[in-house]
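Written below as structure tokens is the structure these notes are about.
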Amino acid sequence: MKSNISILWILAVFCLILAGVYTFWNVIDPAHGRVEWVGTVALLLSAILSGFIAFYLRLVYRSQGGELPEDNVAANIDDADPEMGHFAPWSWWPFVLVGGASVVIIGISVAQEGNFWLAWFGAPIVLVALVGWVYEFYRGRFAH
Amino acid sequence: MANTRPQISHNGGVTSTSLNYAAKAPKINRPNNVAVGTIVWLGSEVMFFAGLFAIYFTLRSVAPEIWAHGTSVLNVPFALINTLILVSSSFACQAGVFAAERLQPRSTGPKPSQWGMVEWFFLTYALGAIFVAGQIWEYATLVSEGVALNSDAYGSAFYITTGFHGIHVIGGLIAFLLIIGRGYAVKNFGHKEASSAIVVSYYWHFVDVVWIALFLVVYVLR
């Protein structure tokens, strides 16, 4: 994890320097002469994005000392096969959720004069699917 | 003159096996995927809000006279109190996370030191809901004073930045309800439940920090 942390910090510093260069260049350029905010904000927050993830990984690294196979010269490729987490192979809830979300999005897309009537039919489906998915392993046979 | 260099290619002229390390599996201690994934997603949220801040600053730099009018009607003391309410909700949320890390979903007594995750998250929910209610009251007041989504560039920038933040807060409130529900539904509160409580707290702290940035930009810097 150490190399990931270093790379992200390098990216953060790079974006920070570029934000300064970009801002300064816009100000001294006679054709422009003022701060161009879109680029400045985007570069500055790109630095925050990288620094934020680096900072978090650093905390994780310090608290558990995790070493990834990428950091280990003796590791094999398949050591990096990750544990993807806990997913139900038979769950229908994601299907219901995207179905409901689609109805909501279509309802918003075809709305005329702010009348989202179709979206209101999708909203309860989204709600049911969300609750169903979150509590899939908290009820019935697999309650724990 | 003939080329006298020996022709050594990969596995051609080489007789030894390639360098081999110890056959034992390396010790791999992976971080929690849910937690790291949430942080990476929050990183993408940083860039989402970057777009909104860019809109705000660009419009502000090209239309300073609209800004002078729009910011003059803002109620800064009210927004400050609302900010403090949201910040205090983050502390309540963190106390709930500490309870979740103790694997304690419910309270063992009436004192706050005995509260479990559920009680702290209810408090967090209440504070967050007060914040949203305050935002709605502020919006209604501003609209009555002529700053609306469709009034001018300031109105658009103000409502799109604070409004998207408000939607994030509402999303967080729904997430807290689902986590509280898990606290009640589960029979053995374990690391899976603690994990989901912790990542919701990450999201909540993130939304809180974004609001502090928004408060500084919209109400202090103007």
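Residue numbering restarts at 1 for every chain, and letters A, B, ... go by the order of the sequence lines.
Heavy-atom distances place no part of B:Ser196 under 4.5 Å from chain A, backbone and side chain included. With a 4.5 Å cut-off on non-hydrogen atoms, A:Ser50 does not touch chain B at all. Heavy-atom distances place the side chain of A:Leu57, and not its backbone, under 4.5 Å from chain B. Looking at A:Arg139, neither its backbone nor its side chain comes within 4.5 Å of chain B, counting heavy atoms on both sides. The parts of B:Leu42 that come within reach of chain A are both its backbone and its side chain, each placing non-hydrogen atoms under 4.5 angstrom from that chain. For B:Tyr202, the part lying under 4.5 angstrom from a heavy atom of chain A is the side chain only.
Summarising the geometry, atom CG belonging to A:Leu45 is positioned 7.5 Å from atom CZ belonging to B:Phe53; distances are rounded to the nearest 0.5 Å. The distance from atom CD of B:Glu45 to atom CG of A:Leu49, rounded to the nearest 0.5 Å, is 11.5 Å. The structure places OG1 of B:Thr58 at 6.0 Å from CD of A:Glu36, a figure rounded to the nearest 0.5 Å.
Not one N or O on the side chain of A:Tyr138 forms a donor-acceptor pair closer than 3.5 Å with the backbone of B:Tyr184.
Classification of the A:Trp37-B:Phe57 ring pair by plane angle, with boundaries at 30° and 60°, yields parallel.
The minimum heavy-atom distance linking B:Ala54 with A:Val38 is given by the pair CB-CA, 3.8 Å. Taking both residues in full, the closest heavy atoms of B:Met47 and A:Ser46 are given as CE-OG, 3.3 Å, listed atom of the first, atom of the second, then distance. When all heavy atoms of B:Gly181 and A:Tyr135 are compared, the pair lying nearest together is CA-OH, 3.0 Å. A pairwise comparison of heavy atoms in A:Leu130 and B:Ile174 identifies CD2-CG2, 4.5 Å as the closest pair.
Taking a 6.0 Å sphere around CH2 of B:Trp41, one finds it holds more than 12 heavy atoms contributed by other residues, nucleotides or ligands. The environment of CZ in B:Phe48 is crowded: more than 12 heavy-atom neighbours from other residues, nucleotides or ligands sit within 6.0 Å. By the neighbour-count criterion of 12 heavy atoms within 6.0 Å, atom CD of B:Glu65 is densely surrounded, having more than that number from other residues, nucleotides or ligands. Few gaps surround NE2 on A:His32; more than 12 heavy atoms of other groups in view lie less than 6.0 Å from it. Around atom NE2 of A:His144, more than 12 heavy atoms belonging to other residues, nucleotides or ligands sit under 6.0 Å away. Within a 6.0 Å sphere centred on CG of A:Leu11, heavy atoms belonging to other residues, nucleotides or ligands number more than 12. Around atom CD1 of A:Ile28, more than 12 heavy atoms belonging to other residues, nucleotides or ligands sit under 6.0 Å away.
Most heavy-atom pairs under 4.5 Å with chain B, from the set A:Tyr56, A:Phe52, A:Phe137: that is A:Tyr56. When B:Val36, B:Asn188, B:Val186 are compared by the number of non-hydrogen pairs under 4.5 Å with chain A, B:Val186 comes out ahead.
In this structure, B:Val62 and A:Arg34 have side chains that are in contact, with non-hydrogen atoms separated by less than 4.5 Å.
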